[in-house]
Amino acid sequence: MRIDVITIFPEYLEPMRHALLGKAIEQGRLEVGVHDLRNWAEDKHRSVDDSPAGGGPGMVMMPTVWGPALDDVAAKKVPANLESAEAHLNRPRHDELEGIEPKAYEAKEDSELPLLIVPTPAGAPFTQADAQAWSTEEHIVFACGRYEGIDQRVFEDAKKRYRVREVSIGDYVLIGGEVAVLVMSEAIVRLIPGVLGNRRSHEEDSFSDGLLEGPCYTKPRVWRGLEIPEVLLSGNHKLIEAFRKSNSVARTKKVRPDLITRALKEGTISPADLEQS
Ligand code: SAM
């Protein structure tokens, strides 16, 4: 997969060089390009914004700068310039299991066009289902807005060379799109086959089956007077699985009842599961 990010703060994307994303770059599973939008500015001040049409507070990012930037990035005229921060390959994850075949998610769209993801609070909510579908993409471009956002005509025009998705990471307003790009990149890249050493790590995660994951524990057995639930030490896999499922349903019922309604409708859980939790 190749990811390109266009931003006026390239240094904000530094975390993409570290940990699992850095390792994916080093393994050649991921290429990342981070590009300063101001490289496409037309004046000597390298301006990228102007006052909003119709008046009002703040500034709006200019189509005359964004248009050429998106043209060049769609055509890969700019390099994938982000290198992994450090050597990761000699440090396998503790949960890497030998002989487990990496499994790809199913591609939802069949298109030659790159995917343009535009972070915006006014977009459709980003979900785990999006992360799964987009983990199969070959080329994803992120357009980071700042100020009041980007002139809407940029995205109308971009539809000629991209599949455009306006996406929100939550019902709150950030200062810029960079943090949203980090959030989505992590969610997407960890699902690329081979990026996580053990694919079960994400198959059992929250949202993968429509529910939240229950609590997890590790050694020591007793810590500050608090014990690991007995069943988890029993070695009985059937009982452990039932315990985890019931905890997952109980937690979801408590904090995300909306997910329970959906899981019942989709048959992921039964009314009996709900009663036993
Ligand atoms: N005027 C915009 C509105 O009310 O919808 C808010 C603009 S915000 C201050 C600046 C930039 O931050 C946006 O263009 C977007 O890139 C990013 N941003 C803010 N909140 C976001 C969210 N919840 N999800 C994704 N991106 C967000």
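Read the numbers this way: they start at 1 and go in the same order the structure lists the ligands and their atoms. Quantities reported herein were computed from a predicted structural model and do not represent experimental measurements.
Between the side chains of Ser248 and Glu213, not a single donor N or O lies within less than 3.5 Å of an accepting N or O. Residues His139 and Asp4 have side chains that bring a donor and an acceptor to within less than 3.5 angstrom of each other. Counting only N and O atoms by type, the side chains of Trp66 and Asp151 include no donor and acceptor under 3.5 Å apart.
With hydrogens left out, the protein atom closest to atom 15 (C) of ligand 1 is Pro119 O, 3.1 Å, a heavy atom. Among all protein heavy atoms, the one lying closest to atom 8 (S) of ligand 1 is Leu174 O, 3.4 Å. Here the heavy atom of the protein found nearest to atom 23 (N) of ligand 1 is Tyr172 O, 2.8 Å. Looking at atom 25 (C) of ligand 1, its nearest protein heavy atom turns out to be Thr120 N, 3.4 Å. Among protein heavy atoms, the minimum distance from atom 2 (C) of ligand 1 is reached at Glu148 O, 3.6 Å. Nearest to atom 24 (N) of ligand 1 among the protein's heavy atoms is Ile169 N, 3.0 Å. Scanning the protein for heavy atoms near atom 7 (C) of ligand 1, the closest one is Tyr147 O, 3.4 Å. Atom 4 (O) of ligand 1 has its closest protein heavy atom at Pro121 CG, 4.6 Å.
Close approach of ligand 1 to Gly170 (heavy-atom distance below 4.0 Å) involves ligand atoms 23 (N). The ligand atoms of ligand 1 that sit less than 4.0 angstrom from a heavy atom of Val167 are 25 (C). For ligand 1, the atoms closer than 4.0 angstrom to any heavy atom of Ala180 are 25 (C), 26 (N). Close contacts of ligand 1 with Gly177, meaning ligand atoms under 4.0 Å from a residue heavy atom, involve 12 (O), 16 (O), 17 (C). If you number the atoms of ligand 1 from 1 as listed, the ones under 4.0 Å from a heavy atom of Gly149 come out as 14 (O). Ligand 1 places these atoms under 4.0 Å from at least one heavy atom of Gly145: 11 (C), 14 (O), 16 (O).
Residue Asp171 does not touch ligand 1, judged by heavy-atom distances below 4.0 Å.
For ligand 1, the polar-atom distance check against Val173 finds no nitrogen or oxygen pair separated by under 3.5 Å.
For the side chain to side chain donor-acceptor pair (under 3.5 Å) with Glu137, the lone residue among Arg2, Lys108, Arg163 that qualifies is Arg163.
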